[in-house]
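One structure is given below, encoded as structure tokens.
Throughout, a chain's letter reflects where its sequence line sits, starting with A, and its residues are numbered from 1. All figures in this text were calculated on a predicted structure; none of them were measured in a lab.
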2 protein chains.
Amino acid sequence: MANAGAAAEISSRDKILDAAETLFAKRGYAGIGLREVAETVGLGKSSLFHHFRNKPQLYAAVATRILVRIEDRLMRSLAAGGDPLTRLERWLDVLIDVLAENPSWARLLLRSLFEDDDLPGDTPEELEAHATVGRIVAAATTLLREGVSTGQLRMANVPHLLLTLVGATVFPFASGEFGQEVLGKDIFDPGEVRRRKREVRDLLRLGLAVNPTR
Amino acid sequence: MANAGAAAEISSRDKILDAAETLFAKRGYAGIGLREVAETVGLGKSSLFHHFRNKPQLYAAVATRILVRIEDRLMRSLAAGGDPLTRLERWLDVLIDVLAENPSWARLLLRSLFEDDDLPGDTPEELEAHATVGRIVAAATTLLREGVSTGQLRMANVPHLLLTLVGATVFPFASGEFGQEVLGKDIFDPGEVRRRKREVRDLLRLGLAVNPTR
DNA sequence: GTCTATAATAGGATAGAC
DNA sequence: GTCTATCCTATTATAGAC
């Protein structure tokens, strides 16, 4: 039993999830064999099947764990209140922070959008991941619509705006060497994280063009 | 010989590249076996090795072909002239058009950013792809800097802005089912392509927040 | 330029001992 | 809960006939 105050005992299941998260982020679903996951954890390949039925289920468990953790942070940031623009900017700040704190997450999430074709798609674990994405998207949509209806945000195409925001927040933290070369620095560097937040915020507040006639 | 006016004869090499492009976009480098590529083309697996030394070289050839074609379109759009903001907006319109016309490209390009780890990285073919990316990035950087220096664009962090623009243009066309669910329509639908262009343009011109005190 | 045959390796998954 | 042994299939790549 987990004694309060005792050092957290990490279960084999969690160790497997940790290793799989890093590896799947690095080389994708098809690029990682269960042997490599097992070796990283220090187990035999067969032992993984005691904790997860098969490879798709392991992958879905990894994705779901990330999504649930992100959802938790985002929902708590919404609960802090404020007008829609304030909540939107805080939502994006929190999202950027979460992705910056967990270097595997942006990559794994973007990859998982592409890897539909590789996965069965109808297992309970995948449906849970899918439902979590749905709740996050729904919350963001509500927030944006609210901002438009209060007049704090201009009338915009909410679904397209949402895709833009995902692209502007998730993509850079998944961009690896490309981002590194463009920035000349690691995107996970605290200074670059700060600049990323400012970039997103300024784009929303000011746009890019200087338009004195507006 | 290619007689002018005769129906274009498609070489085996090009057929292989076409098939590999579609398949790699769908399931990634590690997710596609050469058997599947060969079957799609209607050749035996071994015949591929007559045209490409190995799998990494085939992948790099696919990526390079896409990048060169995109570079060509973008550079020609720049040559049409105009002030920096005009050229920037045309650049983004052309980029969106190119990605919309070739449904495999955005996915394959985003994937290729993540798949550094899976590839050797130092073959001549990969270096060519890398150099092409470098030229495109350099041209975009010059364009943005020019806009800032003429005062048409606000002072912005150019590298971060560039990551944002890639995220806002490439990501949606790679987002597959996710994008479809967010939009309620296929992103490659002509109407959605138009809306995507407007979304990007409006964000640059107006931002998102309504700011009457500006 | 395409084929068959083959090599050597790695993949996911199961059975059953401990 | 972890292990060894095994099964079957797929992988990249090469050799050599046609």
Donor-acceptor under 3.5 Å (B:Arg35 side chain, B:Lys45 main chain): no
Residue list, ring pair (Phe, Tyr, Trp, His ring centres under 6.0 Å) with A:Phe49, at least two apart or on another chain: none
Nearest-0.5 Å distance that lies between atom CG in A:Leu67 and atom CG in A:Leu74: 10.5 Å
Ring center gap for A:Tyr29 and A:Tyr59 short of 6.0 angstrom: yes
N or O in side chain of A:His50 less than 4.0 angstrom from D:dT2 OP1/OP2: no
Gap between atoms CG and P, on B:Leu48 and C:dC3 respectively (whole Å): 10 Å
Nucleic acid footprint by protein, nucleotides 5-18 of chain C - heavy-atom cut-off 4.0 Å, B for base, S for sugar-phosphate alone: B-----SBBBB---
Gap between atoms CD and C1', on A:Glu39 and D:dC3 respectively (whole Å): 15 Å
Of all pairs that satisfy side-chain hydrogen bond (donor to acceptor under 3.5 Å, both in side chains), the ones with a partner from residues 169-187 of chain A, not counting sequence neighbours: A:Glu181-B:His130
B:His51 NE2 - C:dG1 P separation (whole Å): 6 Å
side-chain contact (heavy atoms from CB on, under 4.5 Å) partner of B:Ile66, the single match among B:Leu108, B:Val98, B:Thr132: B:Leu108
side-chain N/O B:Ser47 vs C:dC3 OP1/OP2, d < 4.0 Å: yes
Protein-nucleotide distance (A:Lys15, atom NZ; D:dG1, atom C1'), rounded to Å: 12 Å
